[in-house]
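See structure below.
Predicted model only: the values in this text are computed from it and were never measured.
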2 protein chains.
Amino acid sequence: MRLSEVPNGRDAPPPEASLRNATSTEAICARILERHRDRVSVRKPHLATANLARIIEAVLKLSNRQGFHEMSLRDLAKVSGLSMGGLYSYFDNKNTLLVMILTEVSETVEAVLRDAPAGLDDDPIAHLRWLIETHIRLTETMLPWFVFAFMEAKGFPAPARALATESELATERIFADVLARGVARGVFTIPDIDLTAALIKPLLQDWYVKRAKYRKRGTPIETYVAGVIAFVERAIAKT
Amino acid sequence: MRLSEVPNGRDAPPPEASLRNATSTEAICARILERHRDRVSVRKPHLATANLARIIEAVLKLSNRQGFHEMSLRDLAKVSGLSMGGLYSYFDNKNTLLVMILTEVSETVEAVLRDAPAGLDDDPIAHLRWLIETHIRLTETMLPWFVFAFMEAKGFPAPARALATESELATERIFADVLARGVARGVFTIPDIDLTAALIKPLLQDWYVKRAKYRKRGTPIETYVAGVIAFVERAIAKT
DNA sequence: TGAAAAAACGAGCGCTCACTCTGTTTTGTG
DNA sequence: CACAAAACAGAGTGAGCGCTCGTTTTTTCA
């Protein structure tokens, strides 16, 4: 899958700007709508997208405060501005909401990370830097989505959990590929590539999993990105 | 606080053996009972400890499968082998169960990590290795406890959440102290000590947060411990 | 051994939940 | 402006929740 709204290549604006276009709630909800057209009974796309956006924004807000299961549909109705009955024009049951969000996060992260600017294939160091920065900035832009996906993934229907697992592995593979290319070219020294890729992942996730901590501490995203890049690069630098 | 059952110092058995004694469900529940004696109406300590252990084992089992809030007290009664009414001799409401587990995890990790063998103060490299290995092995021994504390900490009464946050910070401070001592002695080169300590934490947590992944992959704990130690040591090695 | 104390039991209470259903309002169109 | 069709509203429904409390079972010890 590919995010048509993301301009890619060398003349693209800086990462956080291009991300913001493709990852506005509206844009994402348009994609969700497309993927779940059969479940949504509202036919007019504009209306459906707008309401779905209001619903999902409310879901993220309420869930990230108290947890998905603790969010009642009455609360959701109140915050989203629709009625109980209205809500059920947009999904067939509460779990569908969860699946909608989970799949969209998985697809988005995969699409964004696979869409590296041309030329980075030849430069593992730059490519790795780009992956780290893009991943962290993506999770920052879609913060509530990622927090939701991380915290609620477990305890849910097998298919949804399988999807989350697969997504985790896919991301890891992208990193492992770059690490392997770097080793092949002699710019990295890595005893265990798969384990190293596995260890990089939580460094990226910590930014959104413990967002409150970094906010309280006043750590800007640039500092965090630079810190992770420096940490990882020293750990795998050619010896 | 100090775990009286943990033999410390140089002639102790290897870390996983001494940990196992102090972190058996029975031993932990004895400590929980002591801390919450006023809430437990059963007076005979042996009986109370045994039943509390059965209850908490069941809580961890059910919660880690479906989430704490999704666990009904009827399920808990069934799995623990007590009746609905019987349960309420051991806690006054459902949240108390959560608090019991959360506080015990916090106290234990703090106590264990602060209890480094004598002599490590003078050797930041060895001390850091010991911290990493001990932390990972502790979370392995008390796996369901840590998974529970990590996944359920949010969404809960302010005091409980504050406790979890404080525990996270305390652990980080322990690591930051060792890093700082290493820098002072010229064995580490670290531009931002606090950020580095913050980055080490998720490397340790990944072992239990994504335990299923590593199990499926067949990664033994020794490999993981060695991998993290190598990764961290290269990242902070004197340049 | 028998009665008092301790512990365990489990149906039942009040309440909230996800979800439904029917009547009403809004919207698009000839 | 008329009139379907689309969209929304919100009270209602049964299931299931946390928690209680009168009762029964087990333990204790003179």
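Per the geometry, CZ belonging to A:Phe68 stands 14 Å off P belonging to C:dC17, to the nearest Å. Atom NE2 in A:His69 sits about 10 Å away from atom P in C:dA18, given to the nearest Å. Whole-Å rounding puts the B:Glu70 CD to D:dG18 C1' distance at 14 Å. With rounding to whole Å, A:Asn95 atom CG is found 16 Å from C:dC17 atom P. The separation between A:Leu87 atom CG and D:dA11 atom P is 15 Å, rounded to whole Å. One atom, CG of A:Leu76, and another, C1' of D:dG10, lie 15 Å apart when rounded to the nearest Å. Residue A:Asn93 contributes atom CG, which lies 17 Å from atom P of C:dC17 at whole-angstrom precision. Atom-to-atom, CG of A:Leu82 to C1' of C:dT24 comes out at 16 Å; the value is rounded to the nearest Å.
In A:Glu166, the CD atom is crowded: over 12 heavy atoms of neighbouring residues, nucleotides or ligands sit closer than 6.0 Å.
Comparing atom distances between the B:Val42 side chain and each of D:dA9, C:dA7, C:dC9 picks out C:dA7 as nearest. Of the candidates D:dC8, D:dC19, C:dA7, the closest approach to any side-chain atom of B:Lys94 belongs to D:dC19. Set against D:dA9, C:dA8, C:dA18, the side chain of A:Leu73 has C:dA18 as its closest nucleotide.
Under the 3.5 Å distance criterion, the side-chain polar atoms of B:Asp92 are left unmatched by any main-chain donor or acceptor of B:Arg39. Under a 3.5 Å cut-off, the side chain of B:His36 and the backbone N or O of B:Ile32 do form a donor-acceptor pair. Between the side chain of B:Thr165 and the backbone N or O of B:Arg161 there is at least one donor-acceptor pair closer than 3.5 Å. Between the side chain of A:Thr103 and the main chain of A:Val99, a donor-acceptor pair closer than 3.5 Å is present. Within the 3.5 Å criterion, the main-chain N or O of A:Phe68 finds a donor-acceptor partner in the side chain of A:Glu152. Side-chain atoms of B:Ser89 come within 3.5 Å of backbone N or O of B:Gly86 as a donor-acceptor pair.
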Polar pairs (N or O, both sides) under 3.5 Å between protein and nucleotides 25-27 of chain C?
residue	atom	partner	partner atom	Å
C:dT27	O3'	A:Lys44	NZ	2.9

Contact list (N/O, under 3.5 angstrom) for nucleotides 20-23 of chain D vs protein:
none

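For the OP1/OP2 pair of C:dA8 and a distance below 4.0 Å, the side-chain nitrogens and oxygens of B:Tyr90 include at least one atom meeting the criterion. Taking 4.0 angstrom as the limit, B:Ser83 places none of its side-chain polar atoms (N or O) nearer than this to OP1 or OP2 of C:dA8.
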- request: Output, in order, the C-alpha distance, side-chain angles, deciding distance and verdict of side chain to side chain contact (heavy atoms under 4.5 Å, CB included) for A:Glu133 and A:Val228.
  value: CA-CA 9 Å; A:Glu133 170 153 21; A:Val228 172; over 6 Å; no
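Side-chain N/O atoms of B:Arg74 and base N/O atoms of D:dG18 include a donor-acceptor pair closer than 3.5 Å.
Electrostatic pairing of A:Glu57 and A:Lys61 does not count as a salt bridge here, judged by no charged N lying under 4.0 Å from a carboxylate O. A salt bridge links A:Arg35 with A:Glu104: the distance from a Lys NZ or Arg NE/NH1/NH2 to an Asp or Glu carboxylate oxygen falls below 4.0 Å.
Residue-level contact check: B:Asp75 touches neither bases nor backbone, having no heavy atom under 4.0 Å from any strand. A:Ser72 comes within 4.0 angstrom of the backbone, heavy atoms only, and of no base. As judged by a 4.0 angstrom heavy-atom cut-off over every strand, B:Asn51 is placed among residues touching the sugar-phosphate backbone only.
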